[in-house]
Amino acid sequence: MRVLIVEDDVSVSHWISSKLHASGHSCKLVDNGEDALTLIKSEVFDVVLLDRILPKIDGIEVLNTLGSAPHPPVLILSANDQISDRIEGLQAGADDYLGKPFDFTELLLRLERLYHRTKKVASSNLIKIKDMMINLELHEVTRSGERIDLTNKEFKLLYVLAEHPGQTVTRSMLLEKAWGYQFDPQTNVLDVHLSKLRNKLDGNSKNPIIRTIRSVGYALG
């Protein structure tokens with residue numbers, strides 16, 4: 001998993017991060033709600049661990065701002081653990097709620113359940129985004145009912161983007177997922193393949209389905 005930890009207590013966030021790293025997961029840490037929103041909108045995470053009481057923007061406001069926009073599942077981790085607090089957090093859009101103090105094993109299990117639940121939903125053989133349909137089993141792509149022939153690499157790039165609809169997928173993540181190892185950041189191999197993919201998917205359409213997020217990466221939808 002790639003976990004975004006939003007926690008203003010540095011000792012707690014670093015402890016959780018070290019435990020998650022030891023369990024084979026990667027983490028990014030921020031200490032306020034404003035930066036959390038920026039990262040959720042600009043990078044891809046599998047799950048977000050969100051404190052309620054935060055500087056600048058609190059956890060509930062973060063959830064309210066995200067609303068129905070595409071975003072990873074969120075687990076609230078908070079000392080505010082009354083029934084009313086849990087209800088408020090879940091109503092705001094949290095996928096799970098765990099009170100402090102907590103046992104790390106339970107936290108890890110809850111995070112992994114959220115991750116696998118999301119992946120199970122995403123593992124359907126058919127993915128529909130706007131007027132585009134991706135058949136993962138047949139490796140077929142259609143847009144407005146017309147079949148589009150893609151190379152294996154183009155299909156892989158499209159699939160990586162389709163795993164995170166509406167979210168920004170960074171260049172480094174596309175390179176790693178599609179080619180399996182790190183490239184020189186200055187390489188243009190990604191640009192070449194994405195240019196061909198865009199031409200096939202968009203053609204002369206006035207509604208391009210792949211968007212460039214300047215200096216960061218790309219988003220689908």
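Everything numeric here is computed off the predicted structure, so don't read it as measured data. Numbers for residues simply follow the sequence, beginning at 1.
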Residues in side chain to side chain donor-acceptor pair (under 3.5 Å) with His193, at least two apart? none
Taken in chain and number order and not counting sequence neighbours, the residues that satisfy salt bridge (Lys or Arg N to Asp or Glu O under 4.0 Å) with Lys196 are none
For Asp81, give me all partners under salt bridge (Lys or Arg N to Asp or Glu O under 4.0 Å), at least two apart in sequence or on another chain. Arg86
Indicate yes or no for a side-chain donor-acceptor contact from Ser78 to the backbone of Asn80 under 3.5 Å, with no hydrogens or angles considered. yes
With a cut-off of 3.5 Å and sequence neighbours excluded, list every side-chain donor-acceptor pair involving residues 29-38.
{"residue": "Asn32", "atom": "OD1", "partner": "Glu34", "partner atom": "N", "Å": "3.1"}
{"residue": "Asn32", "atom": "OD1", "partner": "Asp35", "partner atom": "N", "Å": "2.8"}
{"residue": "Asn32", "atom": "ND2", "partner": "Asp35", "partner atom": "OD2", "Å": "2.9"}
{"residue": "Thr38", "atom": "OG1", "partner": "Glu34", "partner atom": "O", "Å": "3.2"}

For Gln82, the side-chain contact (heavy atoms from CB on, under 4.5 Å) test, sequence neighbours excluded, returns Ser84, Asp85
Contacts of Arg143 meeting side chain to side chain donor-acceptor pair (under 3.5 Å) (sequence neighbours excluded), chain-then-number -> Asp131, Asp202
Would you list the pairs meeting salt bridge (charged side-chain N to carboxylate O under 4.0 Å, His left out) in which at least one residue belongs to residues 209-221, sequence neighbours left out? none
For Thr212, which residues count as a side chain to side chain donor-acceptor pair (under 3.5 Å) partner, sequence neighbours excluded? Arg198
Which atom of Pro73 lies closest to which atom of Asp46, heavy atoms considered: CD-O, 3.3 Å
Could you tell me which residues satisfy side chain to side chain donor-acceptor pair (under 3.5 Å) with Glu88, sequence neighbours excluded, listed by chain and number? Arg52
For Phe155, ring pair (Phe, Tyr, Trp, His ring centres under 6.0 Å) partners two or more places apart: His139
Does Lys19 offer a backbone N or O that forms a donor-acceptor pair with the side chain of Ser23 under 3.5 Å? yes
Flag, side chain of Ser18 to backbone of Trp15, donor-acceptor distance under 3.5 Å: yes
Residue pairs fulfilling salt bridge (charged side-chain N to carboxylate O under 4.0 Å, His left out) with at least one residue in residues 94-106, sequence neighbours excluded: Glu7-Lys100, Asp51-Lys100, Asp95-Arg117, Asp96-Arg110, Glu106-Arg110
Contacts table for residues 53-63: side-chain donor-acceptor under 3.5 angstrom, sequence neighbours left out:
{"residue": "Asp58", "atom": "OD1", "partner": "Ile60", "partner atom": "N", "Å": "3.2"}
{"residue": "Asp58", "atom": "OD1", "partner": "Glu61", "partner atom": "N", "Å": "2.8"}

